[in-house]
Amino acid sequence: MSHRKPGNTMKVLTDLRQILGEQAVLDSQTLSERAAGIWRQSESLSGIALARPDSTEGVSATLAYCYQHGIPVVTQGGLTGLVHGADTSDDALILSLERMNRIETVQPNQRTLTAQAGVKLETVQLAAAEEGLIFPLDLGARGSATIGGNAATNAGGNRVIRYGMMRDMVLGVEAVLADGTIINALNGLIKNNTGYDLKQLFLGSEGTLGVITRLTLRLFEAPKSRHMAFAATDSFAHVKELLRHMDQHLGGGLSAFETLWSNYYTLVTSPPARSRPPLPQHHAYYVLLESQGADVDRDRVLFESALEAALEQGLITDAAIAQSESECQAFWDIRDDVEQVFVGGHAFVFDISLPIDTMEGYVSAVAERLADTPAQQFWVFGHVGDGNLHLAIQIAEGPSDANQRLIEACVYEPLSGCKGAVSAEHGIGLEKKPWLPISRSPEEIRLMKTLKTALDPKSILNPGKVVDP
Ligand code: ZN
């Protein structure tokens, strides 16, 4: 990779201000007053300048200029990522889509919404709700994360089991290539079988193949009922059986199947966590079940009879059913209180993917390997219905590159034996790049490099992330 360090930062600033307007470009001093990320408030952004175009044409002109001068460009959304996918350097231009924050159309009959990429996820959710529809992607950072960032990282979240990931919810994108070419693939069709699915090149590619500027999203009818329960099981075999059992009985209504290993459940239901345990803390596994449907009374009978049958068949040993919307929310608050893993020490968090039949053996293998490391706590929870576990590992000593590498090896190496993936949701960024070969064959990585070189021949887009050309 050869990035020409721009000889004259002032010239870049002046040129870009001429192209985009004075207010649209922040100098390096001003941009350094911004935090490097939502979770990294003490670190500041760095770059030659920060460009904030308010239109696709502005993004195109910015990229054309950077392409011509060989200036690296890091595109940023809400900065809620977890894998250093939007990290910048002194010689890079930061491209922020924060001023491209308009919802353009909501079409209730077509059930689509078209918006600029800088719109916050929560804003999209609210706009859909006004039409009695939902945009089903949901995650804790909804108030900061942008849909452009969600698309560029193929975000997942808590309802993937029912609606899929971001890749499944985007019908069309408009994206700008490294040289400034605008690709308008903003098609709102559900079925469009006319050759290569170009939008998928940009979804999940973390800003390395193009800059997503606008999206057409798929909306769904809002469910009218929601029923939830915490169920306890005493073996992982029963967790797996329970998943199939609930799916069989709920007729497509199962919308979450979140599993908490015993010690994570205890952590998030004991002080200083705010929640109290809805079930006693001595069980081996806890499953948070959610069913959504169209008829409150009928769905309640269906949900409760499915749970009763699970109890009779011995799949679960206990269950607590949420009696109100606020209790449903309280159940989610238990599952989502991930912050507790950071109380009392530094913790590394992971989002790995693996076949459900390999999960139990995998978790034991990781625990065994951690015994010889500074790890002092190891918690497991996650979207078992999607084959996605989150691991949190707290270490006794302060974080260092050496112990991060050591803990990563304990988590990632056992994945190669079970055909798992080093990332299920968060992406690759810089953090997981060294581990990519665990999940991808040399041939796959070579094809990724071929695509990168074809779309970004000078490698100016988010250089160093995901794969090197
Ligand atoms: Zn997750």
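Not measured: the values here are computed from a predicted model. Side chains are part of it too, since the values below use all heavy atoms of this structure and drop only hydrogens, waters and symmetry mates.
- Around the CD atom of E33, the shell of radius 6.0 Å holds more than 12 heavy atoms that belong to other residues, nucleotides or ligands.
- Without hydrogens or angle criteria, E174 side chain to I182 main chain gives no donor-acceptor distance under 3.5 Å.
- Screening F257, Y286, F331, W332 against F230 for a ring pair (Phe, Tyr, Trp, His ring centres under 6.0 Å) leaves a single residue, F331.
- With sequence neighbours left out, the side chain to side chain contact (heavy atoms under 4.5 Å, CB included) criterion links Q323 to R300, I321, E327.
- A side-chain donor-acceptor contact under 3.5 Å links Q394 to the backbone of V343.
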Dump the intermediate steps for salt bridge (charged side-chain N to carboxylate O under 4.0 Å, His left out) on R335 and E258, then the final yes or no. CA-CA 8 Å; R335 152 65 180 85; E258 296 291 313; 2.6 Å; yes
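- Closest heavy-atom contact between V341 and A392: CG1-CB, 3.7 Å.
- More than 12 non-hydrogen atoms from other residues, nucleotides or ligands lie less than 6.0 angstrom from CZ of R162.
- For D386 (side chain) and I161 (main-chain N/O), a donor-acceptor pair under 3.5 Å exists by modelled atom type.
- Partners of F342 according to the ring pair (Phe, Tyr, Trp, His ring centres under 6.0 Å) rule, which considers only residues two or more places apart in sequence or in another chain, do not exist here.
- Sorted by first then second residue, the salt bridge (Lys or Arg N to Asp or Glu O under 4.0 Å) pairs that include residues 122-139, not counting sequence neighbours, are D138-R142.
- In the displayed structure, K120 atom NZ is contacted under 6.0 Å by at most 12 heavy atoms of other residues, nucleotides or ligands.
- In this structure, A424 and M165 approach most closely via the heavy-atom pair O-CE, 3.4 Å.
- Every residue two or more places apart in sequence or in another chain that forms a side chain to side chain contact (heavy atoms under 4.5 Å, CB included) with D299 is listed here: S225, H227, D295.
- When the side chain to side chain contact (heavy atoms under 4.5 Å, CB included) test is applied to P355, the partners found at least two apart in sequence or on another chain are T358.
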Quick one: side chains of residues 270-277, donor-acceptor pairs under 3.5 Å with protein atoms, not counting sequence neighbours, listed by atom name and distance.
{"unit_1": "S270", "atom_1": "OG", "unit_2": "T266", "atom_2": "O", "d": "2.6"}
{"unit_1": "S270", "atom_1": "OG", "unit_2": "Q281", "atom_2": "NE2", "d": "3.1"}
{"unit_1": "R276", "atom_1": "NH1", "unit_2": "A273", "atom_2": "O", "d": "3.2"}

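- Remark: the backbone N or O of N101 is paired with a side-chain donor or acceptor of Q116 at under 3.5 angstrom.
- Remark: R99 pairs with A24, R52, D54 by the side chain to side chain contact (heavy atoms under 4.5 Å, CB included) rule, at least two apart or across chains.
- Screening residues 260-269 for salt bridge (Lys or Arg N to Asp or Glu O under 4.0 Å), with sequence neighbours left out, gives no hits.
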Step by step, would you call D87 with R40 a salt bridge (charged side-chain N to carboxylate O under 4.0 Å, His left out)? CA-CA 11 Å; D87 281 14; R40 298 162 64 193; 2.8 Å; yes
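- Not one N or O on the side chain of K465 forms a donor-acceptor pair closer than 3.5 Å with the backbone of G207.
- With H249 contributing its side chain and H245 its backbone, the two residues share a donor-acceptor pair below 3.5 Å.
- With sequence neighbours excluded, the residues that form a ring pair (Phe, Tyr, Trp, His ring centres under 6.0 Å) with F236 are W261, Y285.
- Side chains of Q110 and T112: a donor-acceptor N/O pair is absent below 3.5 angstrom, by distance only.
- Looking at V239, L354, T259 one by one, the single match for side-chain contact (heavy atoms from CB on, under 4.5 Å) with M359 turns out to be L354.
- Every residue meeting the ring pair (Phe, Tyr, Trp, His ring centres under 6.0 Å) condition with Y412, not counting sequence neighbours, appears here in chain and number order: F350, W435.
- Looking at Y265, its side chain does come within 3.5 Å of a backbone N or O of L279 through a donor-acceptor pair.
- T216 contributes no side-chain N or O that, together with a main-chain N or O of T114, makes up a donor-acceptor pair within less than 3.5 Å.
- Listed by chain and number, the residues in a ring pair (Phe, Tyr, Trp, His ring centres under 6.0 Å) with F381 are Y264, H390 (sequence neighbours excluded).
- A donor and an acceptor atom, one from each side chain of S353 and N388, are nowhere located under 3.5 Å apart.
- Salt bridge absent: E408 and K432 never bring a charged side-chain N and a carboxylate O closer than 4.0 Å.
- Residues meeting the salt bridge (charged side-chain N to carboxylate O under 4.0 Å, His left out) test with R226, sequence neighbours left out: E290, E325.
- A donor-acceptor pair shorter than 3.5 Å cannot be found between the side chains of D456 and S459.
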